[in-house]
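As the structure is a computational prediction, the values presented were derived from the model and not from experiment. Side chains included, hydrogens not; waters and symmetry mates left out as well; all remaining heavy atoms used.
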Amino acid sequence: TVESKIMACENLLGSYQAEIDECNDNIAAKEEELKENKELFKRRVRSIYMSGSNTSMSLLLGSDQFADYLSMSQFTEGLANYDNALMKKINNSVKKINKQIKKKNDAIKEQEDIKKTLAADRADLQVQQGKASSAVNEVNKSKAELQAEMDQLDANIAALESSIQAAY
């Protein structure tokens with residue numbers, strides 16, 4: 001029973017290790033995605049900084065025609081929407097990474113708990129094996145003593161039978 005419990009624990013350890021490996025792969029993929037998105041965002045912020053202030057007032061005053069203003073305003077709004085979507089993507093990536101890290105840490109904790117249980121089970125198995133070995137040695141010793149006693153009794157019976165035959 002203890003050996004089957006140990007085997008079950010070892011199988012469970014393997015499944016947790018597979019889960020940890022999967023989490024590591026997911027984390028690496030998400031970190032790469034996050035790195036790419038951050039780099040893109042850095043380039044966008046740098047571009048915004050380099051182009052200077054693009055407030056609605058500066059766009060209106062810098063435009064030759066109202067159509068130019070509307071066009072630039074829509075373009076600026078589109079870029080702002082793109083930047084907001086990129087920031088949401090970055091935040092989602094960070095949340096997913098944190099979720100995978102938590103999942104990995106939970107699996108590691110479970111794995112450590114199972115390892116402790118496994119160590120206790122192995123120690124229990126060794127104690128039980130020691131007791132069983134002692135019992136087998138005791139039985140073998142008793143068997144040898146009984147066999148010697150039986151041999152002595154057989155010898156006594158043979159001697160008595162010889163005496164009886166001699167008496168007849």
Side-chain angles (χ1 to χ4, degrees), residues 1-140:
T1 302
V2 174
E3 286 177 346
S4 65
K5 189 176 176 183
I6 288 172
M7 291 295 288
C9 285
E10 287 173 348
N11 290 337
L12 198 54
L13 281 174
S15 69
Y16 278 121
Q17 188 60 48
E19 185 176 338
I20 290 169
D21 292 342
E22 179 184 343
C23 286
N24 285 335
D25 293 343
N26 290 339
I27 289 169
K30 286 295 174 190
E31 284 177 342
E32 184 62 30
E33 179 183 325
L34 179 63
K35 180 181 173 185
E36 291 171 7
N37 287 335
K38 279 184 175 181
E39 187 60 36
L40 184 60
F41 188 69
K42 285 178 187 178
R43 286 194 309 247
R44 283 287 309 128
V45 169
R46 184 173 188 271
S47 172
I48 290 170
Y49 175 75
M50 296 300 281
S51 68
S53 175
N54 283 335
T55 63
S56 294
M57 185 58 77
S58 66
L59 287 177
L60 180 61
L61 294 174
S63 298
D64 293 333
Q65 297 177 358
F66 187 66
D68 289 341
Y69 167 73
L70 288 177
S71 173
M72 286 302 289
S73 178
Q74 287 176 341
F75 178 73
T76 304
E77 186 179 331
L79 283 176
N81 288 338
Y82 174 78
D83 291 342
N84 286 335
L86 188 57
M87 286 177 22
K88 284 182 182 178
K89 210 179 210 186
I90 289 171
N91 285 334
N92 286 338
S93 292
V94 169
K95 286 178 185 176
K96 287 178 182 178
I97 288 171
N98 289 337
K99 184 178 177 182
Q100 287 295 316
I101 288 172
K102 183 184 180 320
K103 184 178 178 182
K104 174 185 159 184
N105 289 339
D106 290 345
I108 288 172
K109 184 184 179 307
E110 287 294 323
Q111 197 176 36
E112 288 171 356
D113 291 345
I114 290 172
K115 284 180 181 179
K116 288 177 185 174
T117 302
L118 189 59
D121 288 345
R122 284 188 174 144
D124 185 39
L125 180 62
Q126 286 179 342
V127 167
Q128 288 180 9
Q129 286 175 337
K131 287 179 181 179
S133 179
S134 295
V136 167
N137 289 339
E138 190 66 34
V139 166
N140 287 337

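Residues satisfying the salt bridge (Lys or Arg N to Asp or Glu O under 4.0 Å) criterion with E36, sequence neighbours excluded, are absent altogether. Evaluation of the side chain to side chain donor-acceptor pair (under 3.5 Å) rule for N92 yields no partner, not counting sequence neighbours. Here Q17 pairs with I20, D21, Q111 under the side-chain contact (heavy atoms from CB on, under 4.5 Å) rule; sequence neighbours left out.
Taking NZ of K42 as the reference point, atom CG of L40 lies at 11.5 Å (rounded to 0.5 Å). Between atom NZ of residue K5 and atom CG of residue L125 there is a gap of 11.5 Å, rounded to the nearest 0.5 Å. With rounding to the nearest 0.5 angstrom, the CG atom of N37 is 10.5 Å from the CD atom of E32.
Counting only residues at least two apart or in different chains, salt bridge (Lys or Arg N to Asp or Glu O under 4.0 Å) contacts with residues 79-97 comprise R44-D83. Within the structure, the salt bridge (Lys or Arg N to Asp or Glu O under 4.0 Å) test picks out the following pairs touching residues 108-118 (sequence neighbours left out): K109-D113.
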Practice task
Go through the steps to decide whether K35 and E39 satisfy the test side-chain contact (heavy atoms from CB on, under 4.5 Å), and finish with yes or no.
Solution key: CA-CA 6 Å; K35 180 181 173 185; E39 187 60 36; 5.7 Å; no
With a cut-off of 3.5 Å and sequence neighbours excluded, list every side-chain donor-acceptor pair involving residues 127-138.
from: Q128; atom 1: NE2; to: D124; atom 2: OD2; distance (Å): 3.2
from: S134; atom 1: OG; to: G130; atom 2: O; distance (Å): 3.0
from: N137; atom 1: ND2; to: S133; atom 2: O; distance (Å): 3.4

In a table with atom names and distances, give each donor-acceptor pair under 3.5 Å that connects a side chain of residues 97-105 to protein atoms at least two apart or in another chain.
from: N98; atom 1: ND2; to: V94; atom 2: O; distance (Å): 3.4
from: Q100; atom 1: OE1; to: N26; atom 2: ND2; distance (Å): 3.3
from: K102; atom 1: NZ; to: D106; atom 2: OD2; distance (Å): 3.1
from: K104; atom 1: NZ; to: N24; atom 2: OD1; distance (Å): 2.9
from: N105; atom 1: ND2; to: I101; atom 2: O; distance (Å): 3.4

N/O donor-acceptor pairs under 3.5 Å from side chains in residues 6-16, not counting sequence neighbours:
from: E10; atom 1: OE2; to: R122; atom 2: NH2; distance (Å): 2.2
from: N11; atom 1: ND2; to: M7; atom 2: O; distance (Å): 3.4
from: S15; atom 1: OG; to: L12; atom 2: O; distance (Å): 2.7

